[in-house]
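All chains are named by letter (A, B, ...) in the order of the sequence lines, taking the proteins before the strands, and each is independently numbered beginning at 1.
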Amino acid sequence: DTGVSQDPRHKITKRGQNVTFRCDPISEHNRLYWYRQTLGQGPEFLTYFQNEAQLEKSRLLSDRFSAERPKGSFSTLEIQRTEQGDSAMYLCASSLGVPYNSPLHFGNGTRLTVT
Amino acid sequence: DQQVKQNSPSLSVQEGRISILNCDYTNSMFDYFLWYKKYPAEGPTFLISISSIKDKNEDGRFTVFLNKSAKHLSLHIVPSQPGDSAVYFCAARTNAGGTSYGKLTFGQGTILTVHP
């Protein structure tokens, strides 16, 4: 399977703990996106990378959130000092850089539960 | 500010009939629109798209219509099949360029149930 891979699928953590998620995009895709989805809502944009450069961050991404894509391949999303409001599905997606209208391909997400 | 809205949380149709899912947007900078389908425990899957220079795009049983003046698009599925039961998301891209190039803004989704 050469789709977008996310690990872990589920994460339960206690409030105040740090968590890290990993995303492996489709290999030839140079763009990588992180989205967050809560119940009854559509995915909300968090941040995205073109190769290793982080080009945009949403206002939703507080300073407790940090994302990296060190070699332009896989990416990690870290949440420090988790809060109950961070409970959500975290989705990673990747796409080609060109053409501009290349669709995003999503992974199956990491479901985070903060207790 | 919800720039992409899907006002119907759910839709129920009979197998073989047409399903029509609607989406409204407010940002006139959007120039490319996509529909995604999502099954439980899976990520969204790309279904069909349309550029703002067109008013219709068809792919098999799926057709997307765009009315730019009304800032409205719709997805038609005909004939509907039980396997089409899923959550459908409308999404839009801006042509603003720069660092926003390529970012998608999603609607809240519509749950489609197709009854046998």
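Under a hydrophobic clustering in which Ile, Leu, Val, Met, Phe, Trp and Tyr are joined whenever their side-chain heavy atoms come within less than 4.5 Å, directly or via other members, A/L61 and A/F21 fall into the same cluster. Residues A/V19 and A/W34 share a single hydrophobic cluster, defined by chaining ILVMFWY side chains whose heavy atoms lie under 4.5 Å apart. With hydrophobic clusters built from ILVMFWY side chains whose heavy atoms lie under 4.5 angstrom apart, B/I48 does not share a cluster with B/F65.
No more than 12 heavy atoms of other residues, nucleotides or ligands lie within 6.0 Å of CD1 in A/I12, so this atom counts as exposed by the packing criterion. For CZ of B/R61, the number of neighbouring non-hydrogen atoms (other residues, nucleotides, ligands) closer than 6.0 Å is greater than 12. Annotation for A/R64: atom CZ counts as buried by contact number, over 12 foreign heavy atoms lying within 6.0 Å. Within a 6.0 Å radius of CD in A/Q80, other residues, nucleotides and ligands contribute more than 12 heavy atoms.
B/K38 places a side-chain heavy atom less than 4.5 Å from the side chain of A/Q37. Within the 4.5 Å cutoff, no side-chain heavy atoms of B/F89 are placed close to those of A/Q41.
Of the possible donor and acceptor atoms, one in the side chain of B/Y36 sits under 3.5 Å from a partner among the backbone N and O of A/L104. Side-chain atoms of A/R111 do not come within 3.5 Å of backbone N or O of B/A41 as any donor-acceptor pair. No side-chain donor-acceptor contact under 3.5 Å links A/Y33 to the backbone of B/L104.
Listed in order of number, the residues of residues 106-116 of chain B that approach chain A to under 4.5 Å between heavy atoms are B/F106, B/G107, B/Q108. Residues of residues 5-13 of chain B lying within less than 4.5 angstrom of chain A, judged on heavy atoms, are absent. Contacts between residues 71-79 of chain B and chain A, counted as heavy-atom pairs separated by less than 4.5 Å, involve no residue at all.
Aromatic ring centres of B/F46 and A/F106 lie farther apart than the 6.0 Å criterion allows.
Evaluation of the salt bridge (charged side-chain N to carboxylate O under 4.0 Å, His left out) rule for B/E42 yields no partner, not counting sequence neighbours.
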